[in-house]
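To keep things clear, I will list the structure first and then write my remarks on it.
So that the names make sense, note that chain A is the first sequence line, chain B the second, and so on, each numbered from 1.
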2 protein chains.
Amino acid sequence: MDVTGHTSSGGHGDPPQGPQKAASIRDVAAAAGVSYQTVSRVINGHPNVKEETRKRVDAAIQALGFRRNATAFALASGVTRSVTVITSNTVLYGYAATLQGLEEASRAAGYALGVRVVTPEDDLDRTIAAAADTGGGVVVIGFDAIGAAALDRVPAHVPCAALVEAPRPGRTPSRPAVWADDREAARAATEHLLSLGHKTVHYVAIPASTGTRRLAGPRAEGWRQALEAAGVAPPPTSGKGWDAQAGYEAGKKLARNKDVTAILCGNDDLALGVLRALHHAGRRVPEDVSVIGFDDAPHSGFVTPSLTTVRMDFHGLGRAAFGLLRAQLDTDQQEIAPVPAEPTLVLRESSGPRDA
Amino acid sequence: MDVTGHTSSGGHGDPPQGPQKAASIRDVAAAAGVSYQTVSRVINGHPNVKEETRKRVDAAIQALGFRRNATAFALASGVTRSVTVITSNTVLYGYAATLQGLEEASRAAGYALGVRVVTPEDDLDRTIAAAADTGGGVVVIGFDAIGAAALDRVPAHVPCAALVEAPRPGRTPSRPAVWADDREAARAATEHLLSLGHKTVHYVAIPASTGTRRLAGPRAEGWRQALEAAGVAPPPTSGKGWDAQAGYEAGKKLARNKDVTAILCGNDDLALGVLRALHHAGRRVPEDVSVIGFDDAPHSGFVTPSLTTVRMDFHGLGRAAFGLLRAQLDTDQQEIAPVPAEPTLVLRESSGPRDA
DNA sequence: GCGAGGATTGTGAGCGGTCACAACGTGGGC
DNA sequence: GCCCACGTTGTGACCGCTCACAATCCTCGC
């Protein structure tokens, strides 16, 4: 197959007329026979402008195709209507969906949205500074360790809101933040499995945002609590990654253990990997083993067996985070940030009673 | 399950010291006992500054925590080092992966990345204007009709590069653009199925970027060409959407037709839906029907049956598109844009010989 | 020992807007 | 008929930085 990527520089040489420098308010003012300040008043909808003058200016604006220079506006007014999202990932479903919510909310509010990915190799402070240099606000997606670390380093004077895995234990978040009750959701999912007759539930973990605390995040915590409440000693967790491959590795080991009849996974990708490993090992789902995922990725209802999972309102979380940021930027316009929907357990084929 | 979303306004009242207006070059100049112009020279690495002076200025910069105001720099210099991506979607795998490539490339080059989603409801011109107002360049993801329409409306004076489904038939692209040879890839995939003994291949389409031309994009075209080359009359196509649900609908109908033994899908999500429909209809894959997807989404190798698909280098496409834009913005720095990898057919379990 | 020329530094102007204030009319109230 | 308030418009300064140019300092060669 000889199928190569292509590029085309396209177009012809420069068209005869030059780059045509954009018109400024002074150009408009000259064309309309008024002062630049009057033009400024018109484009800002200032009330005290004579109707006839306004019309003349508007006509000149149309004629010259004037658009207010956003950079100059920002410099002179100090207002920047922009948000930069700092995140370690943009493709994983949870992140992508959150980003989408943020984008929608910011677009609706007339804010420009920037995205800046942080990697472990990057200098966190440089990255944050670059984001803050735009002059607008910053939203940090702190679902993982990198994001959480970034959040901690945002200078106090930078307007900032965060999405976190869970509020830091013990202390109130240093920044306005939104989160979903992952712990409770994990507990509910685990209880559901126990109620189906499973003696225990194994957990395949996503990397936690806090390296320290029990080496686990709220999802693991909820799982553990549900087991303990049922008088079951939590078995060791597995999983080291976010993707299906990591789930597959973990699943391979779990598949060998005949005591494993129920597996909760930190996200749907992991669950898919686990499903695959169980399949390879000849263990049927849900007859032999039940599997529950987390997040409800768009395709999770279409794989076979379809995946029982916890639906998360990442979208709403993103919108809420934007609202929190906007409240800082736009102190007067106190719009209430929408409250995200609660996580819900979506029952599908991958879970069922023990010994069905 | 009472699991609600939470927000926290966090933090305490304003700390005693005021917002601490950021230091300007004049502040630094005063602290270092030089003129503001000298500070400007230092931060821009101008050669003709005495070593001792430079040190003094650097020290003042450190002491005051000075960071050059990006807005003022942009206004005064006219240089903006920023890209805004215009796209109709950020979550679907192809888009998300492209976006990721764009982000990486722009970050590596020190450009800020903005994202702006266009919807059918939006006024295209307003959206484009908003993107162009940032002063930087624009990259349009023209994989679909909305994106393609947006591309057509980008004013000539705005630096712009595009990702397209395929170059517009007949005319050279009006803008520098990158694309993959989807047509050839679809042809190869179709030929593969025919070589496995299938009498014909059915196609479940993604929405095309051009409403007009034969109502199909390059993927459909390649499929059709392969069939025609083999002397087979292309059966009617189906599919109206991008997601698994659309694939499921299309698959339900195809499943009823016993002549259907091979199905090519416009993307992996559709393929997943088709797989699901076949499963519900009791038709085995690949024994009864072969299915091939497109894009190679991360999870496609982990579903059961794992999906034969065409791997696309969206990542490389994104990087290449950025390179094309940068060449316009940074006329001197003529770095060669990386060439994306060619699409490759990835053979997995969902395809096999007829009557296996 | 002095002038040329390069290195180093400072000054003025301007990017394209905004803000604060002054300068015009006008009309109404006395 | 006069004064003041108000509606309307214009002027100056400034946001924080860059550019172009002028001014100063040094060093070298003759």
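- In this structure, A/Arg68 reaches the C/dT18 phosphate: one of its side-chain N or O atoms is under 4.0 Å from OP1 or OP2.
- Judged by distance alone, the side chains of B/Tyr95 and B/Asp144 do bring a donor and an acceptor atom under 3.5 Å apart.
- As judged by a 4.0 angstrom heavy-atom cut-off over every strand, A/Arg41 is placed among the base-contacting residues.
- Close to D/dT18, at under 4.0 Å from its OP1 or OP2, lies no side-chain N or O of B/Ser77.
- In the set D/dG12, C/dA7, C/dG12, the nucleotide with an atom closest to the side chain of B/Asn48 is C/dA7.
- Contact annotation: A/Asn44 reaches the phosphate of C/dT18 (side-chain N/O to OP1 or OP2, under 4.0 Å).
- A residue-by-residue look at A/Glu51 and A/Ala76 shows that A/Glu51 has its nearest nucleotide of DNA chain D further toward the 5' end.
- When the side-chain nitrogen and oxygen atoms of A/Ser40 are compared with OP1 and OP2 of C/dT18, one or more of them lie within a distance under 4.0 Å.
- Positionally, the nearest nucleotide of DNA chain D for B/Ala72 lies more toward the 5' end than for the other of B/Gln37 and B/Ala72.
- Residue contacts for B/Thr53: at a heavy-atom cut-off of 4.0 Å it reaches the sugar-phosphate backbone alone, with no base atom in range.
- Two residues, B/Thr38 and A/Val39, neighbour DNA chain C, and the one matched to the more 5' nucleotide by heavy-atom proximity is B/Thr38.
- With respect to A/Glu52, the side-chain hydrogen bond (donor to acceptor under 3.5 Å, both in side chains) criterion is satisfied by exactly one of A/Arg54, A/Lys55, A/Arg56, A/Lys50: A/Arg56.
- At least one side-chain nitrogen or oxygen of A/Lys21 sits closer than 4.0 Å to the OP1 or OP2 atom of C/dG16.
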